[in-house]
Amino acid sequence: MSKPTVVPCPQCKAEVVWNEDSPFRPFCSKQCQMIDFGEWADEENTIPGAPDMSDSDGWSEDNY
């Protein structure tokens, strides 16, 4: 039998076995999962991408 995959919890770094017995994987618990979710919701975490091209930046498809 192969050795189970173990990953660190992204929040607290505790070891988490990656299988069906770990319902919050890659997190160790619901608490760590919700802390991470809150950081994304508060925009403390972001994914780099193209700059925002919304109308609030003065960009428009209308010809002047």
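Just so you know, these numbers use all the heavy atoms, side chains as well, and skip hydrogens, waters and symmetry mates. Throughout, residue positions are numbered sequentially from 1 according to the sequence presented.
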Student check: side-chain heavy atoms of P26 and C9 closer than 4.5 Å: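 No, their side chains stay 4.5 Å or more apart.
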
Exceeds 12 heavy-atom contacts within 6.0 angstrom, atom [atom1] of [X]:
X	atom1	value
E43	CD	no
Q31	CD	no
F37	CZ	no

Check step by step if side-chain contact (heavy atoms from CB on, under 4.5 Å) holds for F27 and D36. CA-CA 9 Å; F27 302 98; D36 185 77; 3.5 Å; yes

Mind listing the closest non-hydrogen atom pair of [X] and [Y] along with its distance?
X	Y	answer
K13	P8	O-CB, 4.1 Å
P4	V17	CB-CG1, 3.8 Å
K30	F24	CD-CE2, 3.4 Å

Please check: side-chain N/O of [X] versus main-chain N/O of [Y], any donor-acceptor pairing under 3.5 Å?
X	Y	value
S29	C32	yes
D42	E44	no
R25	V16	no

Roughly how far, to the nearest 0.5 Å, is the CD atom of Q11 from the SG atom of C28?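 So the SG of C28 and the CD of Q11 are separated by 9.0 Å.
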
